[in-house]
Every structure is written in structure tokens, then in C-alpha cells.
Protein chains: 2
Amino acid sequence: MKVLVIEDDPLHRSYLSEAVRAALPECLHVIEAENGLVGERLARENKFAHVVMDLQMNARNGIEAARTIWKERPDTRILFWSNYADEAYVRGVSRIVPPGAAYGYVLKSASDDRLKLALRSIFIESQCVIDREVRGLQQRSLGNSNGLTDSEYEILVDIALGLTDRAIATRRNLSLRSVQNRLQRLYEKLEVYYPAGAAEEDNRFNLRARAVSIALLRKLLNYSALERAEAELSEWLASH
Amino acid sequence: MKVLVIEDDPLHRSYLSEAVRAALPECLHVIEAENGLVGERLARENKFAHVVMDLQMNARNGIEAARTIWKERPDTRILFWSNYADEAYVRGVSRIVPPGAAYGYVLKSASDDRLKLALRSIFIESQCVIDREVRGLQQRSLGNSNGLTDSEYEILVDIALGLTDRAIATRRNLSLRSVQNRLQRLYEKLEVYYPAGAAEEDNRFNLRARAVSIALLRKLLNYSALERAEAELSEWLASH
DNA sequence: ATATAATTTGCGGGTTCCCGCAAGACATGG
DNA sequence: CCATGTCTTGCGGGAACCCGCAAATTATAT
């Protein structure tokens with residue numbers, strides 16, 4: 001068995017390699033990559049079936065790397081090892097995992113044992129291992145209670161990118177009014193209207209901008225999500 | 001000499017303590033804190049004059065911690081050891097450093113030697129040591145060339161928080177038109193208008209929202225800056 | 001002190017946003 | 001089949017945004 005470790009922090013990288021070697025004595029080779037780009041290349045050249053990677057990396061973000069790896073070999077088993085359980089990350093991962101693939105999401109704050117157990121479960125038993133905290137987010141985002149639906153999340157990203165209603169309408173093939181309709185529901189979900197005990201008559205807030213602000217503060221959005229969305233947008237803009 | 005180390009990642013924390021001990025043999029005690037809150041408390045109780053800390057921490061962000069530490073003892077020497085040189089961080093630090101205080105800003109990607117040299121320069125020689133990359137940002141943000149002035153940055157933060165023009169006007173003691181004036185200049189600086197070779201007639205972008213988006217992508221703003229601004233805002237809202 | 005530049009403010013208007021109302025489209029289930 | 005619920009679309013209008021123009025104020029420099 002060979003395992004590819006993709007992580008840009010040197011300390012974390014060596015810790016992770018050590019953990020892999022300890023948890024998987026049957027693992028003969030542990031190869032390290034210091035960012036997503038190198039990771040993608042190594043995965044392609046050496047046909048790794050087992051990968052463990054960070055999500056937040058400078059050169060190329062973990063979600064991007066995972067997407068291309070999975071696109072080329074959908075049966076690759078990937079364990080995400082991240083500092084954060086931002087909903088933006090969790091959504092990003094859920095969006096790209098191929099049907100039936102085995103993957104895992106473990107927080108860096110987890111204990112040594114949890115990490116090693118996860119490594120064995122995923123790479124040996126082909127089982128999905130999702131950190132409890134992360135699991136909670138997934139559930140909540142499915143069950144409507146205070147979680148955004150896909151269409152609401154989509155339009156949230158669109159206004160965060162700075163698109164006008166009209167631009168969103170043409171991009172998503174909707175009428176102008178539908179876009180505004182979805183925005184209304186987004187504003188309700190995000191509780192933009194009366195920010196927890198404020199005055200009633202004066203709207204201090206620009207709803208559109210406030211929605212983005214709240215989403216960022218609640219970590220429904222983060223830098224990496226914006227970055228990906230921006231890339232998709234410029235792609236779409238190019239094809240008019 | 002006693003040194004206080006504030007860093008929430010265990011691996012980085014022990015690495016940092018080790019570096020301090022190696023660079024400063026005259027240092028008798030190295031005390032560790034695992035987040036900003038604990039760090040503040042220890043600094044207050046033990047009257048540390050030498051602190052090295054991370055900026056991005058969960059419980060309480062490094063900038064907040066540094067502000068309260070400096071407020072209580074302005075002669076404290078603080079070395080910031082951060083993963084990122086986001087302009088948002090650099091601005092945040094510049095804003096709180098007391099006049100004449102010795103401080104440093106070193107990136108985690110710097111070599112062992114650079115870190116140790118910085119530790120000695122600041123703690124022994126009382127000299128400021130700013131990473132070259134960070135220094136570059138500071139210069140650029142002072143020299144107007146493509147950098148935002150303080151008032152432009154201020155209004156950027158205000159629209160990122162989701163305030164209306166009117167709300168900004170009352171908060172900053174300006175007329176409505178002045179607010180919009182500043183916004184115009186902000187939009188010019190951020191190049192919101194014609195995004196590098198797009199169509200001429202159709203404005204796909206909502207300028208206000210796009211400005212925030214661009215600022216986030218360029219790291220003029222980040223989560224921690226937003227968080228601080230939000231705290232200040234709710235304080236101001238309370239006092240009407 | 002006077003010229004020059006940069007900010008601030010008011011006015012007016014075109015555009016976009018925000019949304020109530022109401023009618024159609026679509027699915028799900030009895 | 002109809003009932004019910006969710007989603008979409010059009011219309012219309014009030015509010016907010018964006019900004020050109022021009023006068024007044026303030027800063028900066030020579």
C-alpha cells in the first residue's frame with residue numbers, strides 16, 4: 001500500500017506522515033507533497049489510491065486538488081484533515097465526492113487515536129469516517145431547520161461575488177423576479193431583517209451586503225469558497 | 001528573562017517554545033498559552049515583558065489579545081508569528097501598536113534562523129523586525145499607488161458589514177453625498193467598474209457587493225477583520 | 001499669502017434593489 | 001380527480017444606490 005500526504009505546513013506534514021506509518025504498518029511508501037498542485041501531479045503519475053490531505057493550502061486548495069484527483073480516478077480514497085469545520089468547506093467537499101466513494105473528514109483537533117482509527121477505517125475497510133462535528137453540519141444543512149437549501153446557497157454565492165439581479169437571472173436561467181424571490185427567502189433564513197432586538201423603523205442595513213456579511217461571520221462562506229466561485233464565474237463570463 | 005508563547009496549534013506551540021529556548025539561552029522560563037484569552041490572563045498575572053504569538057486563533061484572535069496586553073503594559077515587546085501576510089492583518093497590527101513600542105512580524109514560512117534572529121533582535125535589542133513581505137504591504141498601503149487610504153479602508157469595512165449609506169453617514173459624521181463620494185473613490189481603486197476586459201454597456205456587477213468581493217479576494221479584508229469590525233459596530237449600535 | 005489640489009456638501013436624475021400582490025406551473029398525495 | 005404546497009413569473013411602486021455637476025470648505029505647497 002502507498003499513501004500520499006498533501007499538506008503545506010511542514011510540521012503538520014511530518015506529523016501526518018508519522019501517524020500514517022504508525023497506523024498502517026502494511027503501508028510501504030508514504031510520499032509527501034507540499035501543496036495541491038504537486039499533490040495532483042504525484043497522484044496522477046503514481047496512481048495513488050490512498051490520499052490524506054489538508055483543505056486550506058496556499059498554492060492550490062484541497063478541494064480543487066481532490067476534485068481533479070477524483071475526476072481522474074473516482075475510486076481514490078481521500079481523508080481530509082482540516083483545522084476547521086466551516087460549513088463552506090463541508091459543502092464544498094460534499095459537492096465533489098463521487099457516488100459511492102469512500103472518504104473521511106477529520107479535524108486537526110482530534111486525538112492521535114481518532115486520526116489513526118480513521119486512517120484504518122477508510123484505507124483498509126473502505127468506510128466513510130466523518131467527524132461528529134462535521135456530521136452535525138451536514139445534517140443541519142439537509143434538514144431545513146435554519147440551514148440553506150442548495151438554491152439559496154447558490155444565490156448567496158452569486159451576490160457575494162457581486163453580481164446584479166439581472167446577471168444572476170441570465171446566469172441561472174431565471175426571471176428577474178425569481179431571483180429576487182430567492183433573495184427574499186435567503187434574507188429570512190439569515191435573519192437580516194431585524195438583527196436581534198434593534199429599532200423597528202430604520203433599516204440600518206443594506207440587505208444584500210448584510211446577508212454576505214452574516215454568511216461570512218457564520219462561516220457559511222469563506223475565502224476558499226469565494227475563490228472557487230470566482231473561478232467558475234470568470235469561466236462562465238468567458239463563454240458569455 | 002521570561003517569554004510567553006501564545007499559539008493554539010500544539011505542534012506549532014512546541015516548535016515555537018523550542019525555538020525560543022534555543023535562540024535565548026538567557027531565557028529562564030518559557031510559558032505557553034493555548035489561546036488569546038489564556039494568554040491575556042497570563043500576561044497580566046505574570047507581567048510578561050516578552051511575548052510571541054500567533055495571529056489566527058480560535059478562542060481569541062491575536063490582534064485582540066495584543067491590544068489588551070499593550071493597553072495594560074505598552075512597553076511589552078511582541079513578536080507576531082503568522083501564516084499569512086494578508087493586508088487585513090498587517091493593517092490590524094499597525095493600528096494597535098503603541099508609539100515607540102518594539103514589535104515584530106515574522107511569517108511561519110521563514111527559516112529557523114530568521115525566526116531566532118528576530119527573537120534576539122526584538123527581545124534583546126528592542127528593535128522592530130518586520131518580514132520583508134509584510135514590509136512591502138505596509139509601504140504600498142501608505143504610498144497611494146493602488147493602496148487604500150484610511151478613510152477608504154474605513155468605508156470598505158462599513159459596506160462589508162452591510163451598512164446603508166445613511167447609516168454610514170451618521171456613524172462617521174458625514175453627509176450622505178460624502179459617503180457616496182468616498183464609495184466612488186473606493187470603487188475606482190478597487191477597479192470595480194470594468195473588470196479587465198469585459199463588455200462595455202452592461203453592468204453585470206453590483207458595485208457595492210463587488211467591491212467587498214474583490215477586497216476579500218485580494219485579502220484587504222478577511223474573517224478576523226470582519227469579526228473585529230462587527231464587534232465595534234454592535235458596540236456603536238448599543239450606544240446609538 | 002496666494003495658488004493649487006483634495007474633500008465635503010447639495011441638487012437632481014437614472015438605475016437598481018426590495019417586495020406586496022396575484023396568477024400560473026409543477027409536484028405530491030389522498 | 002382535486003387539494004395542497006412549493007416554486008416561478010409579471011406588474012407596479014417606494015426606497016436605496018450611483019453619480020455628474022458645481023459651489024464651498026479645507027489642506028498643502030511654494
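Every chain is numbered from 1 and lettered A, B, ... according to where its sequence line falls, protein lines coming before strand lines.
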**Request:** For B:D150 and D:dA27, give me the distance from atom CG to atom P, rounded to whole Å.
**Result:** 16 Å

**Item:** Lys/Arg N to Asp/Glu carboxylate O, B:D158 vs B:R208, below 4.0 Å
**Value:** no

**Residues A:R77, A:E125: salt bridge by 4.0 Å N-O rule** = no

**Request:** Respond yes when some side-chain nitrogen or oxygen of A:T164 is under 4.0 Å from OP1 or OP2 of C:dT16, and no when none is.
**Result:** no

**Prompt:** Would you say a side-chain N or O of A:R182 is under 4.0 Å from OP1 or OP2 of D:dC7?
**Reply:** no

**Item:** Whole angstrom value for the distance that separates P of D:dC7 from CG of A:N173
**Value:** 18 Å

**Spacing of B:Y193 atom OH relative to D:dC17 atom P, expressed in whole Å** = 15 Å

**Message:** Please report the distance, rounded to the nearest Å, between CG in B:L176 and P in D:dA16.
**Reply:** 9 Å

**Message:** Quiz question: by atom type and distance under 3.5 Å, do the side chains of A:N61 and A:S224 form a donor-acceptor pair?
**Reply:** yes

**Message:** Of the options C:dT9, D:dT9, D:dC18, whose atoms approach the side-chain atoms of A:N181 most closely?
**Reply:** D:dT9

**Prompt:** Out of D:dC11, C:dT8, C:dT16, which nucleotide sits closest to the side chain of A:R177?
**Reply:** D:dC11

**Prompt:** In whole angstroms, how far is the C1' atom of D:dG5 from the CZ atom of A:R185?
**Reply:** 13 Å

**Item:** Nearest-angstrom distance from the residue atom CZ of B:R166 to C1' of D:dC17
**Value:** 11 Å

**Item:** A:Y187 vs C:dC17: side-chain N/O to OP1/OP2 distance below 4.0 Å
**Value:** no

**Request:** Using only side-chain N and O atoms of B:S175, determine if any of them is under 4.0 Å from OP1 or OP2 of C:dT8.
**Result:** no

**Asked** Quick one: the side chain of A:Q184 and the base of C:dC19, do they pair up donor-acceptor inside 3.5 Å?
**Response** no

**Asked** Which part of the nucleic acid does B:L174 contact within heavy-atom distance under 4.0 Å: base, sugar-phosphate only, or nothing?
**Response** sugar-phosphate

**Message:** Among C:dT9, D:dT8, C:dC18, which nucleotide has an atom closest to any side-chain atom of A:L207?
**Reply:** C:dC18

**Prompt:** With under 30° as parallel and over 60° as perpendicular, where do the rings of A:F123 and A:H50 fit, or are they tilted in between?
**Reply:** perpendicular

**Message:** Could you tell me how far apart A:I155 (CD1) and C:dC18 (C1') are, to the nearest whole angstrom?
**Reply:** 13 Å

**Prompt:** Is the closest basic N to carboxylate O distance between B:D86 and B:R91 below 4.0 Å?
**Reply:** no

**Message:** From CG of B:L183 over to C1' of C:dT9, roughly how many Å is that when rounded to an integer?
**Reply:** 15 Å

**Message:** For a quick check, tell me whether the side chain of B:Q180 and the base of D:dC19 share a donor-acceptor pair closer than 3.5 Å.
**Reply:** yes

**Prompt:** Heavy atoms under 4.0 Å, any strand shown: does A:D165 hit a base, just sugar-phosphate, or nothing?
**Reply:** sugar-phosphate

